[in-house]
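One structure below.
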Amino acid sequence: LRDCKLNKLKPAMWGNFKESLLNIESEKAWKAEDDIHIYIFSPWGAKKVVKEIRDFFGKVQLSLYTQAAADDENVWVDCCKEDERYVADADAKFPHFKCMFVCRGTELVWSYVGSANFTQSAMLGHKNVEHALFFEGKKYNKDQQILLEQLKKLGWEKRDSEIKFDKKKEKEDPNVEQKYESRYDPQSFIEQDIANKV
């Protein structure tokens, strides 16, 4: 705890992610790495957030994990065809963790554990109050390495099913991606919007 810093964070959570990552290396240095593997666990997420992460790191392997879903049901990991996609086993209770782990080779060098899902509202917007713990450097990630290994063993199914987009509708409607993401972003549900206003 001696090395902990308590900060009032920037309005958008992704800004704090970048600031914390830059405490280890510059963005240029991260981009130059070719052995970075990132693991993200979140009940909800959005393609734009994944794109921001990929843009920051350049060449990166991403493994995305989310709640159970049938093969014919699209979930947020299905936005991202190029990534390793996993859903919880149908009989397994999905852990409600919101975590991101950055590994260089086999070593965990940075991690986030917090309250924010990987949605546009939580990561890129200014709508939510979120809390986050960032663990910067190998020295502070020994316990997080154990957490990562435990999370990976909880029972996941590799997501190989086709992503079923209607290509004709995509061409007709330029906002199709936003509509797709809002369907899986709980902050965008109208009941949630009403509750926030109250």
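Because the structure is a prediction, the values reported are computed rather than measured. Scope of the values below: all heavy atoms of this structure, side chains included, with no hydrogens, waters or symmetry mates.
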Would you sort out whether V87 and Q67 count as a side chain to side chain contact (heavy atoms under 4.5 Å, CB included), showing the intermediate values?
CA-CA 5 Å; V87 294; Q67 73 269 22; over 6 Å; no
Give the C-alpha distance, both sets of side-chain angles, the deciding distance and a yes or no for side chain to side chain contact (heavy atoms under 4.5 Å, CB included) between V113 and F97.
CA-CA 8 Å; V113 179; F97 301 126; 5.8 Å; no
For the pair E19 and W14, evaluate side chain to side chain contact (heavy atoms under 4.5 Å, CB included) and give the outcome as yes or no after the intermediate values.
CA-CA 9 Å; E19 191 173 286; W14 175 238; over 6 Å; no
Step by step, work out the side chain to side chain contact (heavy atoms under 4.5 Å, CB included) result for E33 and R104.
CA-CA 8 Å; E33 296 282 348; R104 182 181 287 119; 3.3 Å; yes
Starting from the C-alpha separation in whole Å, work towards a yes-or-no answer on ring pair (Phe, Tyr, Trp, His ring centres under 6.0 Å) for Y86 and Y65.
CA-CA 5 Å; Y86 297 91; Y65 299 78; 4.7 Å; yes
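With Q145 contributing its side chain and L108 its backbone, the two residues share a donor-acceptor pair below 3.5 Å. Checking side-chain atoms of R85 against main-chain N and O of R159 turns up a donor-acceptor pair under 3.5 Å. Distance alone, capped at 3.5 Å, is enough to place a donor-acceptor pair between the S42 side chain and the F118 backbone.
For D91 against D89, the heavy-atom pair with the smallest separation is N-OD1, 2.8 Å. Taking both residues in full, the closest heavy atoms of C103 and L148 are given as SG-CD2, 3.9 Å, listed atom of the first, atom of the second, then distance. Residues I24 and G137 approach most closely at CD1-N, 3.6 Å, considering heavy atoms. In terms of heavy-atom proximity, A12 sits nearest to L124 at CB-O, 4.0 Å. Of all the heavy atoms in A122 and M13, the pair that sits closest is O-CB, 3.3 Å.
Atom OH of Y112 sits about 7.0 Å away from atom CZ of F134, to the nearest 0.5 Å. How far SG of C79 is from CG of N74: 8.0 Å, rounded to the nearest 0.5 Å. Put simply, CD on E136 and CG on N23 are 4.0 Å apart, with the number rounded to the nearest 0.5 Å. Between the NE2 atom in H131 and the NZ atom in K98 there is a gap of 12.5 Å [rounded to 0.5 Å]. Between the CD atom in Q150 and the CD atom in Q144 there is a gap of 10.5 Å [rounded to 0.5 Å]. Separating the CH2 atom in W110 from the CD atom in E25 is a distance of 13.5 Å, to the nearest 0.5 Å.
Between Y39 and H37, the ring planes are parallel. Angles under 30° get that label, and only those over 60° would be called perpendicular.
Side chains of I40 and I53 form a contact here, defined as non-hydrogen atoms less than 4.5 Å apart. Residues F57 and L62 have side chains not in contact (no heavy-atom distance under 4.5 Å, counting atoms from C-beta outward).
Hydrophobic clustering, with ILVMFWY side chains joined whenever heavy atoms are under 4.5 angstrom apart, groups L22 together with M100.
For the side-chain contact (heavy atoms from CB on, under 4.5 Å) with F101, the lone residue among L151, N141, V109 that qualifies is L151. With W76 as the partner, the side chain to side chain donor-acceptor pair (under 3.5 Å) test is satisfied by one option alone out of N117, T119, T66: T66.
With respect to K152 and E149, a salt bridge is recorded, a charged nitrogen being found less than 4.0 Å from a carboxylate O. A salt bridge between R54 and D83 is present, with a side-chain N of the basic residue lying under 4.0 Å from a carboxylate O of the acidic one. Between E27 and K31, at least one side-chain N (NZ, or NE/NH1/NH2) sits under 4.0 Å from a carboxylate O, which counts as a salt bridge.
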